Amino acid sequence: MRLTPGPARDIDLDTVDLFDLDLYSTGDPHSVWDVMRAKAPLHHQVLPDGREFWSVTRHEDVCRVLGDHRDFTSERGTVPTHLGQDDVAAGVLLTSTDPPRHTEVRRPLGAKLTARAVKSWEDSIRRSVTRFLEPALDGGVFDLAERALLLPAIVTGPLLGIPEKDWAELVQLTAMVTAPSDPHFQLGSEAATLAISHHELVGYVTEWVKERRGSGTEDDSLLHHLMSVRPGGEPLSDQEIALDGYSILLGANVTTPHTVSGTVQALVERPEQFGKAQADPTLIPDLVEEGLRWTSAACNFMRYAVTDVPVADGVIPAGAAVVAWIGSANRDATQFAAPHTFDLTRANAKRHVAFGFGPHFCIGAPLARLTLRVFFEELLHHFDSLDLAGEPEHLRSYFIAGMTHLPITAQKRLTP
């Protein structure tokens, strides 16, 4: 999707289709969300096949929907691809579970992913990022978006306990889950792509667990740690471990590449921002937060109303699906001055909800922040300037805001 919206224009919200994939691959959803926040902060849409959902677009309302599990449950599915057919893993899959069970599974995993815990990975991450950037040093065309898909696996593969030989396949499968209609990842129909990717990912973790149990191998990996989690005092079944491992793989691989690509595009288009960060490396953590706000790679999350719930001068009826648009909340002018301006010196960028909000706030946020900080430290250390070498191609997905291609050329820095 376009991260910089076009000029303001008249938009008929009665005809807007928020599930129109063209809106995200070649269109301008930010212009639509601007109008929705102003005129219809609670919006209702019925799809041609009869499915229907409500949308919230203001920062306050997005936080309300994502933060209150008593009024808005995750246990019927949390992504729009589940609309109309409840998640078969509801109540088991970590992302489709409410507290207290969600908390009981999440807490011991989160202890492995605190900012202090992941700090020990910084040197390893820096070596991985340096290797990742090496091909761009010769000044040739470097397709950042295409290559960045593998970056999270390079960084988190060892942490998860995933061998390097499997990284590329798992990255492809997780991309299929989140963008099943994008021609770069689609295999047959959207439904077939989802079915294949779900089956392969769950099967992979199932075999991983079976192998570890059979060999008695123990390590400090996150997937192995999942085998020792005991919500309510009872160990997880192999099926539960497989589903939660699948959820962890998705979280690890999906958003960081698109945050990298979208932030780099913003810097290419705004060389003065690149220059500011290069002149003052202490601004790089602020650059990361503004990049997270700007890209909002996880574009939305879905919940279901438990009862009739008043929101934004309207009422979401009991049982209805509601989509909380992260990408819109992060451009809400009541929270962020000049929200469509990319400004790495923005004082309150960290107020963004790019990692979600409430009980399901991204468990891997500290690792993602560390990875992004190290990436931009190395990028700014090695290169004096960046230029586009072709047109970006945007992901065909209404769930993940990202790119499939971002060709750039980079001028090597002579005086680091």
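A quick note: this is a predicted structure, and the numbers were derived from the prediction, not measured. FYI, side chains are in, hydrogens and waters are out, and symmetry mates aren't considered; it's all heavy atoms of this structure.
Put simply, NE2 on His199 and OG on Ser197 are 11.0 Å apart, with the number rounded to the nearest 0.5 Å. Atom CD1 in Ile284 sits 5.0 Å away from atom CG in Leu380 (nearest 0.5 Å). Of the inter-residue distances, the one linking Phe274 atom CZ with Glu269 atom CD reads 14.0 Å to the nearest 0.5 angstrom. Rounding to the nearest 0.5 Å places CG of Asn300 at 10.0 Å from OG1 of Thr78.
Ion pairing between Glu60 and Arg64 fails under the 4.0 Å rule for side-chain N and carboxylate O. Ion pairing between Glu122 and Lys119 holds under the 4.0 Å rule for side-chain N and carboxylate O. Between Arg101 and Glu240 there is a salt bridge, since at least one side-chain N of the basic residue sits less than 4.0 Å from a carboxylate O of the acidic one.
The cationic atom of Arg147 (NZ for Lys, CZ for Arg) does not lie both less than 6.0 Å from the six-membered ring centre of Phe142 and within 45° of the ring axis.
Between Val177 and Tyr246 the shortest side-chain heavy-atom distance falls below 4.5 Å.
The salt bridge (Lys or Arg N to Asp or Glu O under 4.0 Å) analysis of residues 317-337, with sequence neighbours excluded, yields no pairs. Note on residues 35-54: pairs passing salt bridge (Lys or Arg N to Asp or Glu O under 4.0 Å), not counting sequence neighbours, are Asp34-Arg37, Asp49-Arg51.
Taking the six-membered ring for Trp and thresholds of 30 and 60 degrees, His30 and His340 have ring planes more than 60 degrees apart, a perpendicular arrangement. Using a 30° and 60° split on the angle between ring planes, Phe301 and Phe399 fall in the perpendicular class, above 60°.
The two atoms that bring Tyr304 and Arg76 nearest to each other are CD2-NH1, 3.3 Å, heavy atoms only.
Aromatic rings of His69 and His360 (six-membered ring for Trp) have centroids beyond the 6.0 Å cut-off, not under it.
Put simply, the side chain of Asp143 gets close to the backbone of Leu406: a donor and an acceptor are under 3.5 Å apart. Looking only at distances, a side-chain donor or acceptor of Asp28 sits under 3.5 Å from a matching main-chain atom of Gly6. Between the side chain of His382 and the backbone N or O of Ala136, no donor-acceptor pair lies under 3.5 Å. Judged by distance alone, with hydrogens and angles left aside, the side-chain atoms of His381 form no donor-acceptor pair with the main-chain N or O of Glu377 at under 3.5 Å. Listed for the Thr57 side chain is no donor-acceptor partner under 3.5 Å among the backbone atoms of Trp33. Between the Gln273 side chain and the Leu344 main chain, a donor and an acceptor come within less than 3.5 Å of each other. Without hydrogens or angle criteria, Glu75 side chain to Asp98 main chain gives a donor-acceptor distance under 3.5 Å. Of the possible polar contacts, one joining the His102 side chain to the Leu94 backbone as a donor-acceptor pair under 3.5 Å is found.
Tested against Val155, the residues Thr371, Leu370, Leu150 include a single side-chain contact (heavy atoms from CB on, under 4.5 Å) partner, Thr371.
A donor and an acceptor atom, one from each side chain of Gln186 and Thr193, are nowhere located under 3.5 Å apart. With hydrogens and angles left out, the side-chain atoms of Ser74 and Arg303 include a donor and acceptor closer than 3.5 Å. Using modelled atom types and a 3.5 Å distance limit, the side chains of Gln45 and Asp17 yield a donor-acceptor pair.
By the side chain to side chain donor-acceptor pair (under 3.5 Å) test, Glu290 is found to be paired with Arg293, Arg346, residues two or more places apart in sequence or in another chain being considered.
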